[in-house]
Amino acid sequence: MGRPPKKAGEKRQLIGARFDPTDRHAIETAAEKSGRSAGAEIEARVKATLAFDEEGLRFLAEIGQEILDIQRGLGGQKAWHEDLKKWSAVTHMLRTGPIMRRNPDQPHDDEIVSAAYNRFRELQSERRQLVEAANQSGLAWIEDPAPKKSGSGIFGSKTRLGGILGAAVNKFALDPRVSERSAIEAISDPDAQAAAIEAHDRLRQLDSDVADAREAWSETLQPYWEAEREGRAWNKHRQMKRAQDAFDRGDPVDVYQLSGMDPWGGKD
């Protein structure tokens, strides 16, 4: 018994389309590789994009061009999904390329974020100028002191004596401002010494102000980071659920999705 005839609304319908020679050749080449007819190749590619709006199509076009650039740049005959180096380059591009240009909430468009960042940069600039002026006068000041934690040696001991000695050693060895001050106190000219002390006092204040401004700027970015973390966490849960369902069915499973691990080492 043959199949019942399809209703008019169910019948496949023809849609005409014209292509320039270059695009037609690309379609025919792709059809040959996939083992489809040119018409079936076009249909498959159109179906693959029907879920996308206009912006989505532009996004796909940009990704396609990026992949083509990677293919050409790394050379060789293997496709991007057959070569680990190319695949890795494509993976990085997907995380950092066209998708980032479509971030709907750019922090630099936020006046609060911009104001906090500008304050941070202004203080940094003042500190830099102060240090450059001091260095030009022969004083060896650094711009950004970064004290390190003490080690576990004799002066890093947890004993009372070790703690006292460790604190004293660290004060001089790890805080460059202390040694800078010692050099100022060795200046013989009273006026020059007084000017250096005043400038150095301002520098130490700027160290504190810059740190506070950096922290304030970081706090303005927290809502953006939190929104991104929530999005990643939601998608990770979605992928884990899908992977678990596939595992229960006996289908192939992505181990990263099943475990919830991030191969990039990112944290949510």
Side-chain angles (χ1 to χ4, degrees), residues 15-110 113-114 117 121 221 223-240 242-243 246 251-268:
I15 298 178
R18 295 180 181 273
F19 298 91
D20 62 40
T22 301
D23 290 339
R24 176 164 182 162
H25 176 71
I27 291 171
E28 291 172 345
T29 300
E32 184 178 352
K33 289 182 178 180
S34 65
R36 293 188 284 250
S37 67
E41 185 68 27
I42 294 171
E43 182 180 6
R45 289 173 178 265
V46 170
K47 282 184 176 180
T49 63
L50 287 178
F52 292 88
D53 58 12
E54 187 65 25
E55 184 59 32
L57 291 177
R58 286 193 290 268
F59 176 56
L60 289 180
E62 290 179 27
I63 288 179
Q65 185 59 53
E66 293 278 349
I67 292 177
L68 182 60
D69 289 345
I70 291 171
Q71 286 276 166
R72 290 172 175 171
L74 290 177
Q77 297 299 317
K78 290 185 177 180
W80 66 269
H81 53 88
E82 300 170 331
D83 180 277
L84 182 58
K85 186 182 294 185
K86 293 177 182 177
W87 173 87
S88 182
V90 169
T91 301
H92 183 266
M93 176 275 294
L94 291 174
R95 291 174 63 98
T96 61
I99 190 64
M100 293 306 295
R101 294 194 288 272
R102 289 169 171 79
N103 185 338
D105 291 314
Q106 294 288 356
H108 58 71
D109 293 330
D110 188 326
V113 175
S114 295
Y117 177 68
R121 288 296 301 273
L221 293 171
Y224 296 91
W225 293 335
E226 183 60 32
E228 291 182 12
R229 279 195 295 268
E230 289 178 3
R232 288 194 300 270
W234 181 90
N235 189 59
K236 180 180 288 188
H237 176 76
R238 180 184 69 88
Q239 290 178 330
M240 288 180 64
R242 186 170 59 187
D251 295 339
V253 175
D254 184 318
V255 66
Y256 288 116
Q257 293 184 1
L258 183 62
S259 66
M261 294 187 298
D262 184 350
W264 284 74
K267 296 180 179 180
D268 292 328

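Numbering starts at 1 and runs along the sequence shown. What you see is a predicted model, and the numbers here were worked out from it, not measured in a lab. As a basis for the values below, the full set of heavy atoms in this structure was taken, side chains included, without hydrogen atoms, waters or symmetry mates.
The shortest side-chain heavy-atom distance between I70 and W80 does not fall under the 4.5 Å cut-off.
Once rounded to the nearest 0.5 Å, the distance linking CG of L74 with CG of D69 reads 10.5 Å. Y224 OH to R229 CZ: the interatomic distance, rounded to the nearest 0.5 Å, is 14.5 Å. Expressed to the nearest 0.5 Å, how far CD1 of I42 lies from CD1 of I27 amounts to 4.0 Å. Interatomic distance, NZ of K78 versus CG of L84, reported as 10.0 Å (0.5 Å rounding). Atom CG in D251 sits 12.5 Å away from atom CZ in R242 (nearest 0.5 Å). In this structure, CD1 on I99 lies 10.0 Å from CD on E62, to the nearest 0.5 angstrom.
Counting non-hydrogen atoms of neighbouring residues, nucleotides and ligands closer than 6.0 angstrom, the CZ atom of R58 exceeds 12 such neighbours. Under a cut-off of 6.0 angstrom, the local environment of CD in Q106 is crowded, with over 12 non-hydrogen atoms contributed by other residues, nucleotides or ligands. More than 12 heavy atoms of other residues, nucleotides or ligands shown are found within 6.0 angstrom of CZ on R102.
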**OP:** For side chain to side chain contact (heavy atoms under 4.5 Å, CB included), just list the numbers for E228 and N103, CA-CA rounded to whole Å, side-chain angles, deciding distance to a tenth of an Å, and then say yes or no.
**Re:** CA-CA 10 Å; E228 291 182 12; N103 185 338; 4.0 Å; yes

Subject >> Check against side chain to side chain contact (heavy atoms under 4.5 Å, CB included), M93 and V90 >> reply: CA-CA 5 Å; M93 176 275 294; V90 169; 4.2 Å; yes

Original post:
Going through the distances and angles, do V113 and L221 end up as a side chain to side chain contact (heavy atoms under 4.5 Å, CB included)?
Top reply: CA-CA 7 Å; V113 175; L221 293 171; 3.8 Å; yes

**OP:** Could you give me the CA-CA distance, side-chain angles and deciding distance for E41 and K33, then say whether side chain to side chain contact (heavy atoms under 4.5 Å, CB included) is met?
**Re:** CA-CA 10 Å; E41 185 68 27; K33 289 182 178 180; over 6 Å; no

**OP:** Take N235 and R238 through the side-chain hydrogen bond (donor to acceptor under 3.5 Å, both in side chains) test and state the conclusion after the steps.
**Re:** CA-CA 5 Å; N235 189 59; R238 180 184 69 88; 2.7 Å; yes

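For the salt bridge (Lys or Arg N to Asp or Glu O under 4.0 Å) test, residues two or more places apart in sequence or in another chain that qualify with E28 are R24. Taking E43 as the reference, R12, K47 meet the salt bridge (Lys or Arg N to Asp or Glu O under 4.0 Å) condition, with sequence neighbours excluded.
For the residue pair A246 and P252, the shortest heavy atom distance occurs at CB-O, 4.0 Å. The two residues A30 and R45 have their closest heavy-atom pair at CB-NH2, 3.3 Å. Contact between D254 and Y256 at its shortest, heavy atoms only, is OD1-N, 2.8 Å.
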